[in-house]
Each structure stands twice: as C-alpha cells, then as structure tokens.
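Notes follow the structure.
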Amino acid sequence: MVNQELAKIFNEMAQFLEMDGVAFKPYAYQRAALSLETLNEDVGNIYRQGGIKALLEIPGVGKAIADHIEEYLKTGKIKHYEDYKKKLPLKIDELIKVEGMGPKKIKTLYQKLGIKNLKDLEKAAKAHKIAPLFGFGETTEKNILQGLEFLKRDKGRFLLGYIMPTVTDIFEKLKNLKEVDQISLAGSLRRKKETIGDADILVASKHPAKVMDFFVKLDGIEKIWGKGGTKASVRMREGFDVDLRVLPEKSYGSALQYFTGSKEHNIITRKIAIEKGLKLSEYGVFKGKKQIAGKTEEDVYKAIGLPFIEPELRENEGEIEAALRQAQGKLPGLPKLVGYNEIKGDLHCHSKPDEVKHSKNLENFIEELALSAIEIGYEYIGISDHTKFLKIDDGLNEEQLLKQHEAIKKINEKLKNENSKIRILHGCEANILNDGSIDIKDEVLEKLDYVIAGVHSSFKMSKQEMTQRLAVAMQNPNVDIISHPTGRLIGRREEYQMDFDKILEIAKKTGTILEINANPLRLDLNGFNIRRAKAQGIKMIINTDSHQKDQLTFMEYGVAQARRGWAEKGDITNTLSAEELLKSLKQK
DNA sequence: GCCGTTTTCGGCCCGACTGTTTTCAGTCG
C-alpha cells in the first residue's frame, strides 16, 4: 500500500528534521503521514485521476509534500529523504522504540559513537561509553539498557491488532475459494493473545495443491519461506509470517485442536486421553489403531470426556479443571463467555481525532461517529474527550464541556427526528491529578451522562502514592469508570506501581467500573486482571478509546481480552441497553 | 511545511518530568 509506505517515509522525515532542530516542519510531516495512513483511497489513484491538484485536497498535504508524493509515485524515491538517509544512515524506527530515546539523543549517539542500530546501542551502553558523554549520564545509560531489555522481551512478536487486519483479509480470500471446505485461524491468534509470533491458518480441502498455489500468490507477500504439499510459510510485507496448513477433513478438528494450543493445554488434554486408554494427536483421537474422533474439535473434546473449551481459555489456567467439573455436573463449570456480538455500545470515543482537530467540523464528526455506530449495530455511543489538564490533546475545560453537552443534545434531537435508533451519550475522560482530584469541577461532572477518569501524567509514583491517588479518584461519586486502569503499553511501558487488590477492593466498595481498554497497544485491563476483578464481582466495561472512526473496530480485541479473562455477559456493563446502563451508572 | 485568514504571513502542541548542563534540553503524553 503506497499510502503506508509514504506515511513511513514522512514519519522518518519528521524525525530527521527534528534531529536538525527544525521547528514546526516535523509536525507538518507527521500530520501528512497520519493523514495518509487514515486515508481510505489509494494515493496513487488520487494522483492518477486528479494530479497534484487532487493531492493538495488531502488534509496536511501542501505544495512541497504533494511534490514529494509525485516524485515517489514516479521514481519510487524521494531525493530529500534519500539525502537525509545518506547523511544519517540510521535505523530510526528501531532506535526510537527504546524508551527515553528521541531524535536528538539518537543523532548525538551516532555522531559521537557511530551508533546506527539497536546492536550498536547495546554494545556502547554495556561498555559504559554513553555515560561520560556530554548531556548523558549514569542514569541515562542505565535507562537505555533497561529499555533494550524491555524491547527484547517482546522481540519477534507483533500486536494482535497489527496482525489481525491482514490475516483477516487472507482468511476471507481463502474462505471464498471453492476448494476450501473448512477454514480456521489457529495458534495464539485464535486464542487472541495480545502479541503474536506468527499467524497460523488451517484449511480442510481435498485439493491441497490448488489451495497452496492460490495462497503463495496472494498480494502482500514479501517472501516465500517454503511450500510443500500441505504446508506453506510466507513472510508478509508487514514483517510477520503466515503459515498455512491444508488437511483432510477427517483430522481437521484434531489438527485444529493441536495447532490452537496452548502447548500447556495440549499436554493436559493428551494426558486425559491416555488415562482413558486413548491417544490424542493432531491426526485424531485413537483407540488402538482405530480413529474414534477428529473431524471436529467438539468431537475431540467429547471423546476425551470434556465439553468444548473456548480457544481464549486454553492456557491451562484452570479451564481443564472447570471442564472436568462441568462434565461431572459439578460447579463451577466453564464460564459462558461474553459474546463478540453482545456489546451494545462504546463509551470511550474521542471526538477530536488528530485528522479533524484543527477543523471546525467537530459536530459533523460526532454525527459521523454515530452513523458508524449504527452500522456496527450499537444502541449508543459515548463521546468522552480529554479534559483541560491535557493541553496537548486540546483537553476541554468546564465551559467547553457544557457547550459540547448542548451540541450533543441537538445532534440527538436531529437523529431522533430522522428516526435513528442510536443515542449519543456525553461524558469525558477527565484526568486524575497527583492527589487523586479530578481536573474538572464536580458541578460540571454531575451534568454529564457519565465520567471516565484516568491517569495521564506522573506515571512513576511510588506504589503507595499511586494506590492512594486512584483510591481518592474512585471515591469521587461522579467518577463512574477508570480508564486503562494499569497504564501499561504492551512492549513499551510497564504498569504503574500500585496495589491492585486494594484498587479492586475500593472499586467494589464505591461501585466504580473498571475499563477494559480495547486499543491493541493497551488491552488494559489484561486477561489476568480481568479475572481478578471478576472474582471480586467488579463490573467492567469494554471501550475502544477511539481517536479515529476506524478504531471503533478495536472492540473485537477488547472482547477477546475479556474472554481471556473469563468474563461473562453479566460482568460487562456495555452489554446493557442504554436505559439499563444509565440506570446502573446512576447507582453510584 | 501547512493552514487560514488578518489574502501574504503568523501561528502551529504544551506542561510535567527527568536527568543533568545549576538554569534547561530532551522526551513523553
């Protein structure tokens, strides 16, 4: 996709300009990059149909950047960018991922120590070459080493939300192939783990060769690692691998069970089979040499005396015991997991996404969001913008919030007159300040349909201070929901220090809802913490935290995480209708 | 470098935090 390639280049251009201390231009390039990333139309098409003039219509694209785009479309290169790369031959995209490293430090380290990539950086930090540099020091060097360790832990793994769109596309194409009888995702992708090593797809077919040929010729494949009679492995342009296996129908279920894992789950299921005098493998369930199951996963589990276990639970974290109890009619059995189609609305949507931040059409955007929500099938959608403490995100002050409240009222009336079923709720995502107070006055918070509060600053407080900070916030009767409660960013930032048991206790006592933030980078609460919260009887809500319209689809990842945390419909507040939801919010 | 108007150039994303250079640059959200 040319849009993505150009976005990557413009983002790097922004970094280069930043290194040179150029003011404002980096922002312009970043904005153009973001604009291209979120554009629904291929920029090549736009140019072919309308030339430079059409390019100038793209928000954030002016004369200079339009010329760059034209140059790239014609020659595959941008001279300005190539010159920079020659001058500073750096792996910016990997170096910038180290926490605390920015363009300036990257440039200094290149000039003083010739550091070009992560490997160079690690070598220099370990040899204590960084600390003595002007502007650096012991702590910085230590932080770099820590940042590198953190990156390594997740090396070679990709965010679920990064992989899923591409794989879904491949999946749909294969599914439509007439030679494909059955198809499923497998591996950690099917279990919906938050990060994925590589993507596995399983197909049942009588014509494996034809399926294989079709697969390796799909768009977006960068390299073919191998292609056999029933297995092929490819590297996608996005950097991750996809493995396809084609199987005969009679062992499709057992293969699916085997390749879905987890390894730990499979070890136990095989042991159970052995206890029953059976053998379970990817080829089926066997009694002696006779196959007694394998066509479907349900059959496989049934053959070893277990009910079907949802893929999201297969981690050997108690699901086998629960399944065994259920099989014996004892309690508690397996949870009846919240369904992907049971969500009735999304309460965490920002109406000021970057691409419209500077335009005046915010009200139109709220209406657009509502229309998207209707398409998804929601009953309600909640607008919850940042508040004034977050200056960078144009946080709203009291006056602006009240104004927004009136605007939303009007949009609701208009939608109602048009016989639309959607209802827009109005909230905000206020900031929990260091002392636990909220950055918006209570008399304004009271007027909103709901209030989300979250920590967006001072992440490095002590455990005791952070626990206290959240506790004070939850005790505010106007605070309904705590957003991204632990603050972690997958592969980038640890959770903040806090006493989570204490937080759960106070959430329970105050009736505060904890958010399951569905953003693929957050997934916060995570499965483990969701399970802890559920055990305490705490209500949760799955929100996307959308900053763009497209991000409403993140809901899928949030539900997946909830399911990994054994959550049932009754645990998740936004499975309620709008009326029920508002009633339950009032109870606090 | 882009945008929007003040139509020809000034404003753009800013406050907190961190570590270090002791008066502030770089990074983060």
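As the structure is a prediction and not an experimental result, all values here were calculated from the model. To find a chain, count down the sequence lines: A is the first, B the second, and so on, and within it residues start at 1. Only heavy atoms go into these numbers, but all of them, side chains included; no hydrogens, no water, no symmetry mates.
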Quiz item: Would S372(A) and E375(A) count as having a side-chain donor-acceptor pair, cut-off 3.5 Å?
Solution: no
Quiz item: Nearest to the side chain of R31(A) - dC13(B), dT27(B), dC3(B)?
Solution: dC3(B)
Quiz item: Heavy-atom count around Y340(A) OH within 6.0 Å, excluding the residue itself: above 12?
Solution: yes
Practice problem: With DNA chain B as reference, determine whether E18(A) or K63(A) sits nearer its 5' end, using the nearest nucleotide of each. | Solution: K63(A)
Quiz item: Within the structure shown, what part of the strands sits under 4.0 Å from P103(A) by heavy-atom distance: base, sugar-phosphate, or nothing?
Solution: sugar-phosphate
Quiz item: When the P atoms of dC9(B) and dG15(B) are considered, how many whole Å apart are they?
Solution: 29 Å
Practice problem: Looking at every strand, decide which applies to K25(A) at a 4.0 Å heavy-atom threshold: base, sugar-phosphate, or nothing. | Solution: base
Practice problem: Could you tell me whether R488(A) and E495(A) make a salt bridge, using a distance below 4.0 angstrom between a side-chain N and a carboxylate O? | Solution: no
Practice problem: Do nucleotides 16-22 of chain B as a string where each nucleotide becomes B, S or -: B if the base has a protein heavy atom under 4.0 Å, S if just the sugar-phosphate does, - if no protein is that close. | Solution: -SSSSB-
Quiz item: Given the P atoms of dG11(B) and dT5(B), what is the spacing between them in whole Å?
Solution: 15 Å
Quiz item: Are H68(A) and Y72(A) close enough that their ring centers fall under 6.0 Å?
Solution: no
Quiz item: Is D93(A) salt-bridged to K97(A), cutoff N-O under 4.0 Å?
Solution: no
Quiz item: NA contact type, V22(A), heavy-atom cut-off 4.0 Å: base, sugar-phosphate, or nothing?
Solution: nothing
Quiz prompt | Pair assignment for dT27(B), Watson-Crick or G-U wobble, requiring both distances under 3.5 Å | solution = dA16(B)
Quiz item: What about the rings of H456(A) and H484(A), do their centers lie closer together than 6.0 Å?
Solution: yes
